[in-house]
Amino acid sequence: MKTLREKITEIRESLRRKGYRLTPQREAIIKILLENPNQHLAAEDIYVKVRRAHPEIGMATVYRTLDL
């Protein structure tokens, strides 16, 4: 089973191949998704969770990251 760090590295490489960067904001959002694999999280749920540790992240960032 892959660790969280290994999964993040794979996602970083996948985004890079597509011309995107894994920004700290995107990484924080992706970590929320990876840490809750059995939950169906709405964008608003992700926003609430990510804002606890990263209050600078806006709802638009969550939507753009999910779109990627």
Side-chain angles (χ1 to χ4, degrees):
M1 184 177 233
K2 294 180 183 175
T3 66
L4 180 63
R5 183 59 29 211
E6 290 170 330
K7 290 176 184 180
I8 294 287
T9 299
E10 284 182 4
I11 291 168
R12 178 180 288 112
E13 289 303 312
S14 178
L15 287 172
R16 187 187 56 75
R17 283 191 300 271
K18 295 175 184 177
Y20 298 102
R21 293 183 312 118
L22 182 60
T23 64
Q25 295 86 356
R26 287 179 183 158
E27 185 171 344
I29 293 165
I30 289 168
K31 281 182 182 177
I32 295 291
L33 294 169
L34 292 174
E35 291 169 350
N36 297 279
N38 298 321
Q39 293 182 358
H40 177 78
L41 298 173
E44 292 81 11
D45 300 326
I46 296 166
Y47 176 70
V48 168
K49 289 178 180 288
V50 79
R51 291 271 305 181
R52 291 180 191 148
H54 303 277
E56 75 282 0
I57 294 177
M59 192 66 190
T61 302
V62 173
Y63 279 117
R64 283 192 301 269
T65 300
L66 292 174
D67 211 27
L68 282 177

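Just so you know, these numbers come straight off a predicted model, no measurement behind them.
Using a 4.5 Å cut-off on side-chain heavy atoms (C-beta onward), L4 and E35 make contact. Between N36 and K49, the closest side-chain pair of non-hydrogen atoms falls below 4.5 Å. Considering only heavy atoms from C-beta on, R17 comes within 4.5 Å of E13 through its side chain. With contacts defined as side-chain heavy-atom distances shorter than 4.5 Å, the pair I46/T65 does not qualify. Using a 4.5 Å cut-off on side-chain heavy atoms (C-beta onward), Y47 and R51 make contact. The side-chain heavy atoms of T23 and T61, taken from C-beta on, include no pair separated by under 4.5 Å. Taking 4.5 Å as the limit, every side-chain heavy atom of E10 sits out of range of all side-chain heavy atoms of S14.
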Test log, rule salt bridge (Lys or Arg N to Asp or Glu O under 4.0 Å), inputs R5 and E27: CA-CA 11 Å; R5 183 59 29 211; E27 185 171 344; 3.2 Å; yes

Let me see the working for T9 and R12 under side-chain contact (heavy atoms from CB on, under 4.5 Å), right down to the final yes or no. CA-CA 5 Å; T9 299; R12 178 180 288 112; 4.2 Å; yes

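When all heavy atoms are compared, the tightest approach of L22 to R26 is CD1-CB, 3.8 Å. Scanning both residues, K2 and K7, for their nearest heavy atoms gives O-CE, 3.7 Å. Contact detail for A28 and I57: the closest heavy-atom pair is CB-CD1, 4.1 Å. Residues R21 and L15 share a closest heavy-atom pair of O-CD1, 4.2 Å.
Two different hydrophobic clusters hold M59 and V48 under the rule that ILVMFWY side chains link at heavy-atom gaps under 4.5 Å. A continuous path of Ile, Leu, Val, Met, Phe, Trp and Tyr side chains, each step under 4.5 Å between heavy atoms, connects L33 with V62, placing both in one hydrophobic cluster. Taken together through direct or relayed side-chain contacts under 4.5 Å among Ile, Leu, Val, Met, Phe, Trp and Tyr, I8 and L68 form part of one hydrophobic cluster.
Of the possible polar contacts, none joining the D67 side chain to the Y63 backbone as a donor-acceptor pair under 3.5 Å is found.
From L41, atom CG reaches atom CG of L66 across 9.5 Å, with rounding to the nearest 0.5 Å.
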